[in-house]
**Q** 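I am attaching a structure below and will ask some questions about it afterwards.
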Amino acid sequence: MTATTLDRSTIVPFLARVFVERGAEEYLGEPVTIAEHMLQGAMLAEKEEAGDELVSAALLHDIGHFTGAFGTYSSEDTVDRHHDEEGARLLAPFFPPLIVQCVRLHVAAKRYLCATDPSYFAKLSSASVHTLSLQGGPMDAQEVAAFRLNPFHREAVKVRLWDEEGKRPGVRTPPFAHYAPMLQRVIDRHMKECV
Ligand SMILES: [Fe+2]
């Protein structure tokens with residue numbers, strides 16, 4: 001199964017396979033694997049009773065690391081691999097705009113928070129500081145204003161904060177299977193609305 005042949009009944013099994021087959025990979029030099037990282041984000045969102053769409057966004061925000069044409073991140077990288085855009089492209093045919101935009105904006109949200117919240121930069125891991133430099137650094141005033149015009153910018157900031165928090169080694173989370181029915185429900189609801 002490739003990303004180009006997916007439909008509404010195969011996208012969730014595809015995502016499950018990505019978590020199982022690729023999820024144990026190192027996550028940008030962080031002390032957690034990439035699957036642990038995304039599952040921690042989803043669990044944090046779920047604990048805050050953020051709702052199905054935000055939990056889904058937290059769960060899938062880094063999926064583009066696996067599906068991008070430019071390969072996965074390495075700490076030796078000197079250019080950005082645009083996993084935000086790649087993830088949004090994968091999800092856009094199936095998921096509602098809130099989820100797609102949160103995935104697309106989660107890097108922009110980091111740049112936004114660095115520009116607008118003096119305490120936020122201190123929360124970044126060293127790997128995240130490295131990628132920040134590849135991603136354009138903190139936003140300037142014009143970029144901040146443009147970011148605020150996106151109707152989902154507040155949700156993207158929430159996903160970003162769970163992203164930052166979800167890098168703790170040894171934290172137990174539910175498995176991907178716990179979230180699979182929720183993902184299918186979100187897809188089915190959205191695609192029914194689109195018909
Ligand atoms: Fe992340």
Side-chain angles (χ1 to χ4, degrees), residues 1-23 25-28 33-35 37-39 41-42 45 50-74 77-112 127-128 131-132 134-136 139 143 146-147 149-160 162-163 166 176 179-180 182-195:
M1 200 187 310
T2 66
T4 49
T5 58
L6 294 170
D7 61 32
R8 69 190 282 183
S9 66
T10 55
I11 177 71
V12 175
F14 173 82
L15 294 169
R17 245 180 54 194
V18 170
F19 268 74
V20 169
E21 292 177 8
R22 307 284 309 276
E25 290 176 18
E26 189 192 349
Y27 173 55
L28 317 189
T33 70
I34 197 148
H37 167 60
M38 293 200 285
L39 289 165
D52 286 356
E53 294 197 9
L54 274 173
V55 174
S56 301
L59 177 68
L60 300 174
H61 75 275
D62 271 338
I63 199 74
H65 277 303
F66 300 120
T67 59
F70 305 111
T72 49
Y73 169 87
S74 143
D77 282 357
T78 54
V79 289
D80 185 33
R81 292 176 189 256
H82 302 289
H83 75 285
D84 44 356
E85 292 292 345
E86 294 291 346
R89 200 188 335 269
L90 172 74
L91 303 178
F94 312 105
F95 287 90
L98 182 145
I99 295 173
V100 176
Q101 289 296 315
C102 283
V103 172
R104 190 172 75 80
L105 294 176
H106 81 276
V107 170
K110 176 169 78 170
R111 298 184 56 228
Y112 170 79
S128 209
T131 52
L132 176 67
L134 306 182
Q135 291 156 346
M139 285 182 172
E143 289 173 314
F147 182 78
L149 290 178
N150 187 295
F152 300 108
H153 76 276
R154 288 187 184 84
E155 288 85 354
V157 164
K158 283 186 183 177
V159 170
R160 184 70 223 184
W162 293 319
D163 184 353
F176 179 88
Y179 297 105
M182 174 197 70
L183 292 177
Q184 195 62 57
R185 197 162 62 234
V186 167
I187 291 167
D188 290 344
R189 197 185 305 141
H190 172 61
M191 297 194 79
K192 206 164 136 191
E193 282 167 8
C194 293
V195 170

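All heavy atoms count here, side chains included; hydrogens, waters and symmetry mates do not.
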**Q** Walk me through it: do H190 and I99 pass the test side-chain contact (heavy atoms from CB on, under 4.5 Å)?
**A** CA-CA 11 Å; H190 172 61; I99 295 173; over 6 Å; no

**Q** So do F176 and L183 actually touch side chain to side chain, heavy atoms under 4.5 Å?
**A** yes

**Q** Any side-chain heavy atom of V107 sitting closer than 4.5 Å to one from H83?
**A** yes

**Q** Rounded to the nearest 0.5 Å, what separates atom CD in E53 from atom CZ in R189?
**A** 6.5 Å

**Q** Measure the spacing between CD of Q184 and CZ of F94 and express it to the nearest 0.5 Å.
**A** 10.5 Å

**Q** For the residue pair Y179 and L39, establish whether any side-chain heavy-atom pair is separated by less than 4.5 Å.
**A** yes

**Q** Heavy atoms, side chains only, cut-off 4.5 Å: are I34 and F66 in contact?
**A** yes

**Q** Quick one: side-chain contact (heavy atoms from CB on, under 4.5 Å) partners of T33, sequence neighbours excluded?
**A** A35, E36

**Q** Which residues pass the salt bridge (charged side-chain N to carboxylate O under 4.0 Å, His left out) test with R104, not counting sequence neighbours?
**A** E85

**Q** Quick one, D84 and L105 - any side-chain contact, counting heavy atoms below 4.5 Å?
**A** no

**Q** Using 0.5 Å steps for rounding, measure from the CE atom of M38 to the CG atom of D62.
**A** 6.0 Å

**Q** Taking all non-hydrogen atoms of both residues, which atom of F19 and which atom of L59 are closest, and how far apart?
**A** CZ-O, 3.6 Å

**Q** Hey, are the side chains of F14 and T5 touching, using non-hydrogen atoms and a 4.5 Å cut-off?
**A** no

**Q** Is there a side-chain contact (heavy atoms from CB on, under 4.5 Å) between T10 and D7 once you walk through the steps?
**A** CA-CA 5 Å; T10 55; D7 61 32; 3.1 Å; yes

**Q** Consider side chain to side chain contact (heavy atoms under 4.5 Å, CB included). Of V55, D52, L98, which one does V186 pass it with?
**A** D52

**Q** Please tell me if the side chains of L90 and L60 come closer than 4.5 Å, counting only heavy atoms from C-beta onward.
**A** no

**Q** Which pair of non-hydrogen atoms, one from V159 and one from A57, has the smallest distance, and what is that distance?
**A** CG2-CB, 3.9 Å

**Q** If you apply the rule side-chain contact (heavy atoms from CB on, under 4.5 Å), what do you find for V100 with F152, and how did you get there?
**A** CA-CA 10 Å; V100 176; F152 300 108; over 6 Å; no

**Q** Just checking, is any N or O donor in the side chain of H37 or D163 under 3.5 Å from an acceptor N or O on the other one?
**A** yes

**Q** Which heavy-atom pair separates F147 from H153 by the least distance, and what is that distance?
**A** O-CB, 3.3 Å

**Q** What are the two closest heavy atoms between A109 and R160, and how far apart are they?
**A** CB-CB, 3.8 Å

**Q** If you look at every heavy atom in M191 and P93, which pair is closest and at what distance?
**A** CE-O, 3.6 Å

**Q** Taking side chain as C-beta onward, heavy atoms only, is S56 less than 4.5 Å from M182?
**A** yes

**Q** Looking only at non-hydrogen atoms, find the nearest pair between W162 and A58 and report the distance.
**A** CE3-CB, 4.1 Å

**Q** Considering only NZ, NE, NH1 and NH2 on the basic side and carboxylate oxygens on the acidic side, decide whether K158 and E155 come within less than 4.0 Å.
**A** no

